[in-house]
Structures are given as C-alpha cells and as structure tokens.
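Inspection log for the structure reproduced underneath, given as structure tokens.
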Amino acid sequence: MQLNQTTSFGDSVIHWYHQHGRKTLPWQQNKTLYTTWLSEVMLQQTQVTTVIPYFNRFVDKFPTLADLANAQEDEVLQLWTGLGYYARARNLLKAAKIMQAEYGEFPQDFDQVLALPGIGRSTAGAILSLTLAKPFPILDGNVKRVLCRYFEIQTWSGEKKTQDLLWQHAEKISPAQGIEYFNQAMMDIGSAVCTRGKPKCDTCPLEQNCQANLKGLTSQLPVSKPKKEKPVKSTIMLALKHNNSVLLAKRPSTGIWGGLFTLPESERLLTEPEIEQLFSVQVKTLKKLAPFRHTFTHYHLDITPVVAELSQIQSSIRDTSERWFELQSEAEFGMSVPTQKILTELTS
DNA sequence: CAGGCGTGGCC
DNA sequence: TGGCCAAGCCT
C-alpha cells in the first residue's frame, strides 16, 4: 500500500482500519464497558481464536455486570476452565463486586478503572478507548511489536526502561480523533500484518516510515526475550475412585491453579497402607497410569497419575476443601487441565 | 522489579 | 516437534 509521506501516522492507521480492520469479533457487537472489559481480560496473553468460545459462554451465563457481581467464584472459574491464568477470573469477580458496591455501574473514570484488580494501564486504556472513544493509548503485545519495529527499538520490551519508552511512543502517536479505530487498528496490524515471522510489510500502512522495514531489520526486531532453562518438576496425581466418583480438592487462591479443584498430589508414589491411612479409605487396587508432561510458562511438570480403586470410605472428606466428584457429570467449579485429562482417561 | 502465573496454536 | 509466545497484571 502506497501512502504519501505527508499522511500522518494516525490517519494512515485509521484509513487502514476502515479498509482491513476486524469489525465482527463477538466482543465488537453491542459493545458495553462490561463486555469490552471481559474480552480484554480474557485476551491477556491469550489468542483471539482461543478466547471466542469462552467469551460467548461467559456472556451467555453472565450477560451484565450485575449478573457477574452476584456470581459464585466456582461458577466463574468453571467458565474459565482451560483458559489459564486463573487469577484473571478471580480478579474479574472481585472487580465486579467492587464496582457494584462502590459505583453501582462500570466506572468511566480512568483512575477508577485502573484501580480495579486485574486491570492495568493497557487494559484500562483499551476498555475506555474501544467502548467510549476516550483518548487513552494501549500497549499490548501487538502494539509493542509494531512500535519496536517502527522506532527500531533495540532492547527487550520486558525491561522497564523499554516499557517506559514504548509508552511514550504510544502516547505520542495517539490521534486526537478516532482513537477507537486507531487502537483497534494497531492491534489488527500487529496481529495480521506486522507478524512475528514474515511480516507483510508491502501491505502495511506504516511501511514508508518503519525503521525496521527501511533498514531490513524486521527479522531481528523486536528483540526476543532472553531464554532461560525451564526447570523440570514432577508430581504424583492420585485419583481415589469410589462408586464412579473421585476425590478432588479446592486449591488455595495463591499459587498455581489457585481456586481450582485438582486431584490430590504427592511427591512420591504412596503405598496402599499409606493411602489408606492418609485418606481413611480401603484400597482395592492400585494402578499407575502413563505419565505425561504438562508445560507451563516457567517450568515443566512431569505428572504420574495413580488410580486407587476403593472398596470402602470411612469418612467422606477430610476438610471443607474436598469433595467427591461423579465422573462424567458436569463440574460446577473450575478444574485444572491435567486433572480434567486424567478424569477423562478414567472414564474412557 | 524480575519472576510467578496456564494453555494451546504455530512452525 | 519442542520451543516460542499470545489483546498483561500482580507482588
């Protein structure tokens, strides 16, 4: 696309948006502050195609802020199961309750939005700019990639000084008019044109003045994150099975899988007597299933599932965090993906 | 403030 | 196919 040199950054980008930008995503229909907020939180570190079904199910169950504010945490985590970064779901509910109690509606003031749990500067800017056309910049992964190339930024965007520099650029390029198109366009360009590998510079509205493009540096920018060795951890996941039910326990709200239900874990294989004593049960059979690896952002977890068929259970549960879950029934709470995977294996 | 926090798509 | 990384935020 050829644009003459005098066309401003903002005008080029907004013009591109009207020709090529995304306009039919689920959260772009009947926009409210609530639905934009929900989509923005779901989209944090998560791809659009992954989010779409989760967003639709969520809005279906909780159509308004008031509906969400009155929900139970387990209901919210159920709808979040598989999406990851579960603090987002817990914060979403927290924020909804705060908004209902403090404001009675979704606030429109930037600092009030920013103060809500789970909403940082970029998400606050996205909510208010995309929904109400308020002139706040955004800085998500797509915009960062575009800016790092356009301004030839040679340092990793995870460093604070680089982050600060990127925000300065984001503020500077923000147009006075049409911010709602501009911000959406910057994300669309980052996602569809200024891609990580093989960017389509010949169709980019910023081609003429992009430093990386002019200098042939697109393959080297943005500077990639310094790689670190992922440690390998291992765990045993124990499926105590009795009458087609398994024992699950709700995890504390801090740490991995916070607030989700998972199978009990142990560091090493337990013997039958150990299991019987620990859980006040009688073990009929003990069987090890095929181990598998679950990989997180920051480590690998090698999981060995062990199934203990029980003939008897003395006390049903040890504390309020535990519950028996009937296989093949629909959970009304959140569950970790490895737990789901093992339960599926028990069923088949 | 660098590291913790999930999962699946992509090549 | 294993590593990279995605519409970041919190502590």
Side-chain angles (χ1 to χ4, degrees), chain A residues 21-22 25-28 35-55 77 80-92 94-95 113-127 129-131 137-146 156-164 166-167 170 183-192 194-198 222-233 251-260 262 292-301 303 334-341:
Chain A
R22 286 176 289 191
L25 293 167
W27 44 89
Q28 293 179 310
T35 55
T36 306
W37 168 50
L38 175 63
S39 69
E40 286 302 323
V41 171
M42 285 187 165
L43 286 160
Q44 288 167 2
Q45 302 291 283
T46 312
Q47 303 195 16
V48 167
T49 53
T50 303
V51 166
I52 289 172
Y54 285 87
F55 176 85
L77 287 170
W80 216 270
T81 290
L83 198 54
Y85 286 139
Y86 299 96
R88 295 183 293 174
R90 301 192 306 272
N91 284 331
L92 202 74
K94 255 190 234 169
V113 174
L114 183 62
L116 295 166
I119 299 182
R121 182 175 177 186
S122 187
T123 299
I127 294 168
S129 66
L130 299 178
T131 316
I138 59 172
L139 191 59
D140 68 352
N142 289 315
V143 177
K144 280 184 200 171
R145 188 166 50 256
V146 175
W156 176 49
S157 66
E159 294 174 19
K160 178 162 172 39
K161 58 163 187 170
T162 309
Q163 189 82 1
D164 292 344
L166 285 165
W167 273 115
N183 280 349
Q184 183 62 53
M186 287 297 286
M187 292 191 284
D188 293 348
I189 291 167
S191 143
C194 195
T195 50
R196 195 152 51 89
K198 297 188 180 178
V223 173
S224 60
K225 173 183 178 161
K227 54 180 121 183
K228 257 185 308 186
E229 200 74 357
K230 279 182 184 159
V232 179
K233 306 184 185 185
R251 304 176 72 94
S253 57
T254 56
I256 197 79
W257 297 318
L260 300 191
T262 58
F292 60 94
R293 172 166 289 191
H294 187 77
T295 297
F296 298 99
T297 308
H298 45 307
Y299 63 92
H300 301 284
L301 183 62
I303 298 169
M335 226 187 280
S336 73
V337 163
T339 293
Q340 273 193 322
K341 182 182 155 108

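Side chains are part of it too, since the values below use all heavy atoms of this structure and drop only hydrogens, waters and symmetry mates. Just so we're on the same page: letters track the sequence lines, and every chain starts at 1.
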Mind running a 4.0 Å heavy-atom check of residues 137-145 of chain A against DNA chain C and sending the residues that fall below it, in number order?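 Output list: A:Asp140, A:Gly141, A:Asn142, A:Arg145.
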Just call it for [X]: base, sugar-phosphate, or nothing, with non-hydrogen atoms closer than 4.0 Å on any strand.
X	answer
A:Lys228	sugar-phosphate
A:Trp37	nothing
A:Leu116	sugar-phosphate
A:Lys227	sugar-phosphate

Sticking with atom [atom1], work out how far [N] lies from [M], rounded to a whole angstrom.
N	M	atom1	answer
B:dG3	B:dT7	P	22 Å
C:dC9	B:dG8	P	23 Å
B:dA2	C:dA7	C1'	23 Å

Results of ring-ring contact (aromatic ring centres under 6.0 Å, His included) for A:Phe296 - residues two or more places apart only: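 So A:Phe296 forms a ring-ring contact (aromatic ring centres under 6.0 Å, His included) with A:Trp257, A:His294, A:Tyr299.
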Qualifying residues under ring-ring contact (aromatic ring centres under 6.0 Å, His included), relative to A:Phe55, sequence neighbours excluded: A:Trp27
Which letters describe nucleotides 6-11 of chain B, given B = protein heavy atom under 4.0 Å from base, S = only from sugar-phosphate, - = neither? BBB---
Nearest heavy atom decides the nucleotide; on that basis, is A:Thr254 or A:Glu159 closer to the 5' end of DNA chain B?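 Per heavy-atom nearest nucleotide, the more 5' residue is A:Glu159.
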Under 3.5 Å: donor-acceptor pair, side chain of A:Tyr54, backbone of A:Thr81: yes
When you measure from the side chain of A:Thr36 to the backbone N and O of A:Ile127, does any donor-acceptor pair fall under 3.5 Å? no
With sequence neighbours left out, what residues match [X] under salt bridge (Lys or Arg N to Asp or Glu O under 4.0 Å)?
X	result
A:Arg121	A:Glu171
A:Arg251	A:Glu265
A:Lys228	none

How would you list, by chain and number, every residue that makes a side-chain contact (heavy atoms from CB on, under 4.5 Å) with A:Lys225, sequence neighbours excluded?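 Expected list: A:Trp156.
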My understanding is that only residues two or more places apart in sequence, or in another chain, count here; which of them pass side-chain contact (heavy atoms from CB on, under 4.5 Å) with A:Gln44?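 Result, side-chain contact (heavy atoms from CB on, under 4.5 Å) vs A:Gln44: A:Val41, A:Arg88, A:Thr123.
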When you measure from the side-chain N and O atoms of A:Thr123 to the phosphate of C:dC9, is any distance below 4.0 Å, counting only OP1 and OP2? yes
May I ask you to verify if any side-chain N or O of A:His298 is less than 4.0 angstrom from the OP1 or OP2 atom of B:dC5? yes
Expressed in angstrom and rounded to an integer, what is the separation of A:Lys160 atom NZ from C:dC10 atom P? 15 Å
